[in-house]
Number of protein chains: 2
Amino acid sequence: MIVQMNPTRTLLLVEDDAAIRSLLVLHLEQAGFRVLEAPDVRTALRWLDELLPDIAVIDWMLPDVAGITLLERLRHNDRTRQLPVVMLTARAAEADKVRGLEGGADDYVTKPFSPRELLARIRAVLRRRQPEPEAGPVAFGGLELVPDRRVVRREGAEQTLGPTEFRLLHFFVTHPERVWDRAALLDRVWGDDAFIEERTVDVHVRRLRLALRPLKADGMIETVRGAGYRITAIPLEPL
Amino acid sequence: MIVQMNPTRTLLLVEDDAAIRSLLVLHLEQAGFRVLEAPDVRTALRWLDELLPDIAVIDWMLPDVAGITLLERLRHNDRTRQLPVVMLTARAAEADKVRGLEGGADDYVTKPFSPRELLARIRAVLRRRQPEPEAGPVAFGGLELVPDRRVVRREGAEQTLGPTEFRLLHFFVTHPERVWDRAALLDRVWGDDAFIEERTVDVHVRRLRLALRPLKADGMIETVRGAGYRITAIPLEPL
DNA sequence: CGCCTTTGTCACAAAACTGTCATCTCCTTC
DNA sequence: GAAGGAGATGACAGTTTTGTGACAAAGGCG
């Protein structure tokens, strides 16, 4: 009987030291991970290009580009922005830790470390990330969002959205009916560290509506004057 | 005319540089904050003594006592422990940031910064602190008010109200049966600082009735000649 | 490098709200 | 039933909020 069979997780391991790498691969695979090995950033990017892992473990010091740089690149790309990252470092310096965490690392492990410790951190990060699965397709009021392709579907018809449009719609769909004011949307869709005019939200809402028009679903995004916007399930015209 | 959707927030600004201070005051007040200015910690403490603000913005470097010290003091006092604090600092040193956040600052902004950035941080902090006033739905005599969307519902049918109409109905519903004269309504619905003709109340009552007509509920708002208005639960016609 | 997409801002048009009036109705009272 | 007074109406002009279309800057990608 299966109590809790976790689906196999894919893990990207970016580490140049072959010895450490194979040691980790051993443990990681034994722990049920499918490991993508990358001795350098170039290889890592190739992997990422073809397959989005569930988590990445990145060595701080790498031969070609600093691991921290890779981290920043990941955070800069829409596809990898949500990717959980655990940094691996030989330095115990606090400054690095801060920089790493600020750069968006979810945790970091200092060498020397036991594989068990790394594993524990990885699991903790995955667990923490779990509650907000940005990945799976979402459906609401006849719409279906496909995060992989940034596409909305309705009765077969498809519309591709821009990155921000998609995140916005995704947020609405996962928090339906309620009214969200512009500030809240900036916080939750753009991130609370984005310093953006509130009116920009209007523009993006408009773009989203425009994109939804071909699906005759633009009416789902309602304006609540003086308050904000909300998505609501309404009877839609047939396509 | 003044429509203040959000209640005015009070903000304590502790900053010794007069130039920066007045610049910030300008922006903060324009953003709707009531600003308590303090060039030093002593003044700040005096303010705090007589009035607890909604948030404090504190400069890291101050003439008398370091801002960080003030922060620590705030955190040690029961009354101010929960006060949201945004630190303002010229130093970009990470160590300081860490210390500030550990000291209990809710966020911190590095100089030079744009007033807009500061404003965004302040709003984010306030939002984080005060999740939602949670304006729950209210019901009375078959009507159901949904503050979130500014709509009244009756047996499924919905009517969207204007902001003032909604506030007015909301007031009636939460203070039913009794008669309210125009002055009282102006006070409680418009705010006691509103400088408005009493007759204006009539107009809004009418607009409210108009909006309620489709729900056949306009009869609930009664006119009491020579006294004012009141809402009553009466048997309503079926829809 | 140029080409193209994505984005944040603007400036201006469109729509929604508001507070006041002038006028019209209806109720009271004599 | 005429005169007053109190409310109800419909129209307005002034503001505030949104919707739009255009643009330029920033990246991504050959």
Side-chain angles (χ1 to χ4, degrees), chain A residues 45-46 48-49 72-81 149-150 159-169 179-183 185-186 189-191 193-213 218-219 221-230, chain B residues 1-6 30-32 114 116-117 120 149-151 159-169 179-183 185-186 189-191 193-213 218-219 221-230:
Chain A
L45 290 176
R46 251 208 318 278
L48 287 171
D49 203 39
E72 279 155 11
R73 275 180 78 164
L74 291 181
R75 289 303 178 239
H76 222 65
N77 183 309
D78 263 341
R79 226 174 110 256
T80 54
R81 178 161 302 142
R149 293 189 294 138
R150 266 175 28 206
Q159 262 300 307
T160 301
L161 303 181
T164 305
E165 284 153 41
F166 191 87
R167 281 203 307 280
L168 182 58
L169 178 56
V179 178
W180 298 93
D181 64 40
R182 297 173 173 71
L185 289 172
L186 280 179
V189 177
W190 276 258
D193 51 348
F195 307 115
I196 295 178
E197 290 294 322
E198 294 205 338
R199 292 297 260 91
T200 297
V201 174
D202 299 31
V203 178
H204 280 277
V205 164
R206 156 155 228 278
R207 287 171 179 159
L208 177 54
R209 282 175 173 155
L210 243 41
L212 289 178
R213 192 120 69 187
D218 51 319
I221 312 274
E222 266 182 21
T223 300
V224 179
R225 182 166 240 264
Y229 300 92
R230 72 171 189 129
Chain B
M1 179 213 69
I2 300 173
V3 176
Q4 188 76 36
M5 290 297 277
N6 298 318
Q30 198 196 333
S114 66
R116 204 168 68 190
E117 176 180 350
R149 289 188 287 143
R150 286 201 339 241
V151 302
Q159 260 301 305
T160 301
L161 304 180
T164 306
E165 284 152 41
F166 191 88
R167 283 202 306 278
L168 182 57
L169 177 56
V179 180
W180 298 92
D181 64 42
R182 298 175 173 70
L185 289 173
L186 279 179
V189 178
W190 276 257
D193 52 345
F195 162 61
I196 295 177
E197 291 293 322
E198 293 206 338
R199 288 275 145 230
T200 298
V201 174
D202 299 32
V203 179
H204 280 278
V205 165
R206 152 155 231 277
R207 286 171 180 160
L208 176 54
R209 283 174 173 156
L210 242 40
L212 289 178
R213 190 120 68 188
D218 51 318
I221 312 274
E222 273 182 15
T223 300
V224 180
R225 196 180 173 80
Y229 301 91
R230 72 172 186 135

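Keep in mind the model is a prediction, meaning the values are calculated, not measured. Below, all heavy atoms of this structure are taken into account, side chains as well, without hydrogens, waters or symmetry copies.
- Side-chain to base pairing of A/R225 with D/dT17: one donor and one acceptor N or O lie within less than 3.5 Å of each other.
- Counting any heavy atom pair closer than 4.0 Å across all strands shown, B/V203 reaches a base atom.
- At whole-Å resolution of the value, CD1 in B/I196 and C1' in C/dC17 are 12 Å apart.
- For D/dA6, the OP1/OP2 oxygens have no side-chain nitrogen or oxygen of B/R182 closer than 4.0 Å.
- Contact check, A/R199 against C/dC12: no side-chain N or O comes under 4.0 Å of OP1 or OP2.
- The phosphate of D/dT18 has neither OP1 nor OP2 within less than 4.0 Å of any side-chain N or O from A/T223.
- No N or O donor and acceptor, one from the side chain of B/R206 and one from the base of D/dG10, sit under 3.5 Å apart.
- Look at A/W190 and you won't find any side-chain N or O under 4.0 angstrom from OP1 or OP2 of C/dT7.
- Taking atom CG on B/L168 and atom P on C/dG19, their separation rounds to 11 Å, with Å as the unit.
- The residue B/F166 sits apart from the nucleic acid: no heavy atom pair falls under 4.0 Å.
- Between B/L208 atom CG and C/dT18 atom C1' there is a gap of 15 Å when expressed in whole angstrom units.
- In terms of phosphate contacts, B/T164 brings a side-chain nitrogen or oxygen within less than 4.0 Å of OP1 or OP2 of C/dT18.
- Taking only side-chain nitrogens and oxygens, A/Y229 never comes nearer than 4.0 Å to OP1 or OP2 of D/dT17.
- Listed pair A/R209 / D/dT18 fails the phosphate criterion, with no side-chain N or O lying under 4.0 Å from OP1 or OP2.
- A donor-acceptor contact under 3.5 Å links the side chain of B/R207 to the base of C/dG19.
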